[in-house]
Amino acid sequence: MSEKYNPQDIEHKWQEQWEADKLYRAQVDWSKPKHYAVTMLPYPSGDLHIGHWFAMTPSDARARYMRMKGFNVLFPMGFDAFGLPAENAAVQRNIHPAKWTHANVEGMRGQMRSMGAMFDWERETVSCDPDYYRWTEWFFKQFYLNDLAYRGEALVNWSPTLQTVLANEQVIDGKDERTGQPVIQKMMTQWFFRYTRYADEMLDFSQIDWPEPIKIMQTNWIGRSEGARVVFKSEQGDPIEIYTTRPDTLWGATFMVLSPEHPLVEKMTTDAQRSAVEAYIQQAASATEIERMSEDREKTGVFTGGYAINPVNQARIPVWIADYVLITYGTGAIMAVPAHDQRDFEFARKFGLKIQVVIQPEGGTLDGDTMAEAYPGVGYMINSDLFDGTYASEDKGRKNPAINAVIDWLEESGIGREAINYRLRDWLISRQRYWGSPIPIIYREDGTMELVPDDQLPVLLPEDVDFMPTGRSPLTYHEPFFKTADSEGKPARRETDTMDTFMCSSWYWYRYLSPGYDKGPFDPEDAAYWLPVDVYTGGAEHATMHLLYSRWFTKAMRDLGMFDETMEVMRDNDRDPAGLFDEPMLLLRNQGQVLGGERPGDFILATGRYEGEKLFADRVEVVGGPNDVPAGFDGVFGEIVKRTENLLTVKMAGVNRVVEVVPEAQVSIPGIEGENTVNQLKHHLEIQRMSKSKGNVINPDELVAEYGSDTVRAYLMFAFDWEKGGPWDPDGIRGPMRWLNEVWDMVMAGPQAETGDPASERDIERKVHQTIGRVSDGLERFSWNTAIAALMELKNTLRPAAREGKIGREAWHETMRTMLLLMAPFTPHIAEELWASIGGAYSIHQQPWPDYDAEKAKEERVMLVMLVNGKPRGETLVAPDITEAEAVQMALESEVVRRFLNGGQPKKVIFVPARGGQEPKVNV
RNA sequence: GGGGGAGUGGCGGAACUGGCAGACGCGCAUGACUUAGGAUCAUGUCUCUUACGAGGUAAGGGUUCGAGUCCCUUCUUCCCCA
């Protein structure tokens with residue numbers, strides 16, 4: 001027996017060899033078909049965790065497979081390097097974000113090399129490098145020059161104590177995460193991209209193969225609705241435009257509701273109502289939009305004292321303000337039709353407003369005074385002048401006869417017009433942070449603004465900055481940065497907001513193509529060959545953000561002519577560019593998350609009132625462990641094993657106890673100053689999801705040191721449903737470890753006989769071809785676990801046969817060669833080493849993928865399964881291509897079937913022919 | 001609150017268009033070899049039943065010759081908006 005399998009001896013060796021030979025450098029080669037595979041680039045948090053391996057190594061396996069299939073494969077890697085954690089580190093540890101980030105990039109790049117992936121490191125891009133963000137800024141300029149970027153008003157999180165804007169992540173439960181100070185919602189001027197311009201096009205997925213849930217989520221996120229815009233007038237004559245999806249209910253509008261932020265509120269408010277209105281506006285400012293959209297919430301609102309005229313029937317209706325109307329959706333004002341809209345109904349009931357029925361269900365007698373809930377359904381229009389009797393179906397938009405007729409009439413009479421509305425809002429890209437790409441804008445003394453000229457790009461982030469622990473961006477108090485001059489040399493102020501990091505990640509796969517190129521974001525010569533991205537892999541959590549921004553970006557680039565040159569080069573090379581620049585990635589697949597394994601939960605002390613076994617806790621304290629329980633403590637204490645909302649399951653003396661944390665409970669969490677809330681407790685107790693702060697990290701470096709990279713790769717691809725992910729099980733890795741050990745021993749042992757047993761060799765050949773089919777299919781379908789299961793099965797078949805000398809020298813070599821080729825994408829190092837040991841030519845990764853031969857894979861005899869009423873009753877050996885007539889006859893004549901039919905006649909006879917590796921079946 | 005998933009042995013999971021549920025692996029059990037075993041090898045491993053057989057894919061209902069797969073109701077759970 002040869003030496004034992006020791007991954008440490010071979011993995012590093014081959015990684016260096018591949019690197020030295022530039023084995024994975026991808027070069028444009030028009031004579032070969034290309035394959036551009038991208039996996040989402042990581043944020044350089046400092047530590048590569050198992051989740052990165054889970055996302056990247058299967059993508060690598062597939063890229064390797066495509067290469068063996070004959071494609072010229074580009075598989076690059078980079079870092080999404082701007083973002084808040086670097087700034088937090090700067091405040092907490094007094095390290096400059098750039099330094100922190102680059103150190104992390106260094107470290108992670110090194111860790112990533114141990115994956116043995118075929119990343120082309122010469123194409124690495126790091127989004128915080130000036131060489132990269134120069135082009136992020138350039139994109140901003142192009143969007144601005146083409147009316148895709150503009151300045152507008154938006155609600156932001158404003159801290160009155162700190163006098164600064166906070167990012168959403170910095171706000172928890174309406175308070176600043178760090179200081180616990182209250183945060184209010186305030187309208188401020190921000191930069192936007194015209195996201196909704198491509199809303200309709202983004203609803204069209206016909207050109208891309210993306211997972212169905214992603215398409216549904218994006219569709220709902222865009223939220224297209226059809227309806228009408230109608231102009232009401234205040235009694236003073238000011239127009240108040242509203243948007244409605246139900247213009248057929250206009251006659252039932254008995255009041256109007258404006259968002260508290262609506263510009264007309266002040267003018268409409270009467271003196272008598274002024275103080276109430278102002279108090280309400282202040283109260284509304286402290287609620288977040290998510291809270292305001294919640295339908296369960298008790299409706300609140302205040303009468304302005306003003307009235308408006310309903311343009312369809314001249315009715316004088318009161319105007320209210322309420323926080324369930326959002327300034328950022330539609331027009332910030334609604335007509336309220338309480339009879340047919342549930343939220344309006346609840347509002348009207350609460351404040352005693354009139355409810356007027358205008359859609360009557362067939363044969364029904366709805367009455368506004370007595371109805372218990374809004375009736376949004378089907379019926380005939382009533383109390384609607386000339387439209388009385390028009391049928392309102394359940395269809396939306398123009399398909400509904402009532403809506404259709406009313407829209408026509410609104411347009412004829414000039415009261416309103418047909419309109420499409422989107423839930424999607426424009427993309428707010430301003431961030432009040434330091435560590436992001438600067439916005440290349442200068443504000444001049446006269447109030448106008450100008451763009452920073454191209455030859456001055458990038459606007460560099462200053463390095464000599466101090467971070468104050470307030471959450472305020474240092475750019476706002478760094479004079480050398482913001483004090484500048486305009487094109488005429490007059491004093492001017494530079495924009496101190498930076499761009500959303502989603503901007504950086506919306507175009508990085510273009511930069512990979514030519515990372516050093518300085519005449520544009522990418523070189524058309526490279527782009528013409530590689531684009532578009534053929535396969536994109538990453539987490540589904542990016543469904544409505546990154547993946548939608550990316551589509552918008554590509555469409556905008558296309559319309560601004562940024563691909564024109566690329567298309568020219570394509571045509572020069574006889575490649576038709578039609579439709580290739582409408583979408584960034586043709587095929588998308590998502591992996592799930594690998595969760596941390598078991599770990600000790602947080603230990604808490606809780607006291608309060610008992611109801612049976614359950615404790616309603618009004619005081620909860622997070623402590624280090626059992627040693628921190630005060631003597632004589634009489635509440636519930638123990639480890640939290642589970643948390644659902646504010647229900648905690650606490651393991652106390654081996655018994656699980658349920659603790660409900662009441663909303664006003666007094667909570668204390670070490671490390672978070674001031675008075676803590678239930679929400680912070682919830683936040684703190686995210687016990688499952690893996691992250692460094694939660695202490696249940698699986699460190700891939702340690703696993704690699706113990707088992708080797710190939711085993712870790714194989715385990716990650718084998719033990720999970722890739723799309724689902726799941727908790728890490730430290731024991732399961734033994735399976736793949738044994739597999740590789742046994743493969744190693746088997747190959748190293750060499751052939752045990754000069755000539756083998758012909759029948760066994762035929763069986764082996766069949767198994768090999770079945771395996772080629774199954775492994776290829778698994779790789780095509782992103783079903784790594786079934787592919788590896790097939791390889792394990794092959795090993796299980798080969799090993800005893802080889803050991804017993806049933807495979808002759810020649811067949812043995814042929815079989816092992818094929819098996820190693822099939823393993824190469826998954827476990828590249830051991831495949832290379834064993835390949836070399838049996839005399840294969842370097843490198844196995846440059847060999848063609850084995851051909852599948854269906855004839856060789858075919859079984860000679862298969863079981864015919866005979867079922868009665870869907871239950872298997874018997875089986876018999878037949879030829880795989882048995883005809884229906886033969887099979888049916890065989891079944892009907894068989895003893896088992898006759899016995900189960902019990903002399904009766906079959907209701908129906910169904911024959912299912914053999915297909916896809918399954919046996920033929922007869923059901924009677 | 002809204003949106004999207006997922007519930008299959010002790011565990012991870014398989015079952016591609018409805019067609020023998022539990023492939024492959026972990027764990028476990030029994031035996032073998034060992035000074036030893038967290039090594040290796042062999043066999044077994046959904047439940048009930050002596051057997052014939054019956055039941056079984058979160059719960060309940062439906063469609064079908066046939067349902068883990070399709071439809072309806074309920075429950076649980078994870079993710080995203082955060």
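Since we're looking at a predicted model, the values are computed, not measured. Chain A is the first sequence line, chain B the second, and so forth, proteins listed ahead of strands; every chain is numbered from 1.
A/N796 comes within contact range of the sugar-phosphate backbone alone, with a heavy-atom separation under 4.0 Å but no base atom that close. Contacts of A/I910 with the nucleic acid, taken as non-hydrogen atoms under 4.0 Å apart, include base atoms. Contact annotation for A/W739: no contact, since no heavy-atom pair falls under 4.0 Å across all strands.
One atom, CG of A/L740, and another, P of B/rC24, lie 18 Å apart when rounded to the nearest Å. A straight line from NZ of A/K215 to P of B/rC80 spans 23 Å, rounded to a whole angstrom. Between the NE2 atom of A/H546 and the P atom of B/rC80 there is a distance of 16 Å, given to the nearest Å. Rounded to an integer number of Å, the gap from A/M792 CE to B/rA14 P is 14 Å. The NE2-P distance, from A/H542 to B/rC79, rounds to 15 Å in whole Å. In this structure, A/M866 atom CE and B/rG66 atom P are separated by 20 Å, rounded to whole Å. Separating the CD atom of A/E793 from the P atom of B/rA14 is a distance of 15 Å, rounded to the nearest angstrom. If you measure from atom CZ of A/R343 to atom C1' of B/rG2, you get 11 Å, rounded to the nearest angstrom.
When the nearest nucleotides of RNA chain B are assigned to A/I216 and A/T544 by heavy-atom distance, the more 5′-ward of the two goes with A/I216. The nearest heavy atom of RNA chain B to A/V865 and to A/M737 marks one nucleotide each, and the one closer to the 5' end goes with A/V865.
With A/W221 as the aromatic partner, A/R423 meets the cation-pi criteria of under 6.0 angstrom to the ring centre and within 45 degrees of the ring axis. Cation-pi geometry between A/R589 and A/W722 is not satisfied (NZ or CZ under 6.0 Å from the ring centre, within 45° of the ring normal).
Shown here, B/rG7 forms a base pair with B/rC75; the pair counts as Watson-Crick or G-U wobble because both key distances fall under 3.5 Å. Pair check for B/rA39 finds none; no Watson-Crick or G-U wobble contact set falls under 3.5 Å. In this structure, B/rC70 and B/rG62 make a Watson-Crick or G-U wobble pair, each of the two defining distances being under 3.5 angstrom. If you check B/rG27 for Watson-Crick or wobble pairing at under 3.5 angstrom, you find it paired to B/rU45.
Using C1' as the reference atom, B/rG68 and B/rU64 are 16 Å apart when rounded to the nearest Å. Comparing the P positions of B/rG25 and B/rA14 gives a spacing of 15 Å, expressed to the nearest Å. When the C1' atom is compared between B/rC70 and B/rU50, the two are found 41 Å apart, to the nearest whole Å. For the P atoms, the distance linking B/rC46 with B/rA32 amounts to 24 Å, nearest Å. Separating the P atom of B/rU30 from that of B/rG22 is a span of 26 Å, rounded to the nearest Å. Separating the P atom of B/rU74 from that of B/rG56 is a span of 24 Å, rounded to the nearest Å. Here the separation of B/rC11 from B/rC81, taken at their P atoms, is 31 Å to the nearest Å. Distance noted for atom P between B/rG18 and B/rA29: 42 Å (whole Å).
Side-chain proximity of A/Q593 to the nucleotides B/rG3, B/rC79, B/rC16 is greatest for B/rC79. When distances are taken from the side chain of A/A789 to each of B/rG3, B/rC80, B/rC24, the shortest belongs to B/rC24. In this structure, of B/rA82, B/rG3, B/rG5, it is B/rG3 that holds the atom nearest to the side chain of A/N220.
OP1 or OP2 of B/rG27 lies within a sub-4.0 Å distance of a side-chain N or O belonging to A/R738. Note on A/N785: every side-chain N or O is 4.0 Å or more away from OP1 and OP2 of B/rG25. Using a 4.0 Å cut-off, no side-chain N or O of A/R774 falls inside it from OP1 or OP2 of B/rA23. The phosphate of B/rG38 (OP1 or OP2) has no side-chain N or O of A/R734 nearer than 4.0 angstrom. For A/R799, a side-chain nitrogen or oxygen approaches OP1 or OP2 of B/rC41 to under 4.0 Å. For the OP1/OP2 pair of B/rU40 and a distance below 4.0 Å, the side-chain nitrogens and oxygens of A/R803 include no atom meeting the criterion. Side-chain nitrogen and oxygen atoms of A/R423 include none within less than 4.0 Å of the OP1 or OP2 phosphate oxygen of B/rG3.
Contacts of residues 717-725 of chain A with RNA chain B (heavy atom under 4.0 Å): A/F718, A/A719, A/D721, A/K724, A/G725.
Between A/D777 and A/R774, no side-chain nitrogen of the basic residue sits less than 4.0 Å from a carboxylate oxygen of the acidic one, so the salt-bridge criterion is not met. Between A/E212 and A/K215 there is a salt bridge, since at least one side-chain N of the basic residue sits less than 4.0 Å from a carboxylate O of the acidic one. For A/K767 and A/E793, the salt-bridge test passes: some basic side-chain N is under 4.0 Å from an acidic carboxylate O. Salt bridge status for A/K795 with A/E742: present, with a side-chain N to carboxylate O gap under 4.0 Å.
Aromatic ring centres of A/Y715 and A/W53 lie farther apart than the 6.0 Å criterion allows.
Inter-residue side-chain proximity for A/F193 and A/D426 is flagged as unmet; no heavy-atom pair is nearer than 4.5 Å. Using a 4.5 Å cut-off on side-chain heavy atoms (C-beta onward), A/Q591 and A/F54 make contact.
A donor and an acceptor atom, one from each side chain of A/Q432 and A/Q190, are located under 3.5 Å apart. Between the side chains of A/Y65 and A/E780, at least one donor N or O sits under 3.5 Å from an acceptor N or O.
When A/Y195, A/F82, A/Y549 are each tested for a ring pair (Phe, Tyr, Trp, His ring centres under 6.0 Å) with A/F502, only one passes: A/Y549.
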Look for any protein N or O under 3.5 Å of an N or O in nucleotides 33-37 of chain B and output each such pair with its distance, or none.
none

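Because its glycosidic torsion is more than 90° from 0, B/rG66 is reported here as anti.
The number of heavy-atom neighbours closer than 6.0 Å to NZ of A/K350, taken from other residues, nucleotides and ligands shown, is above 12.
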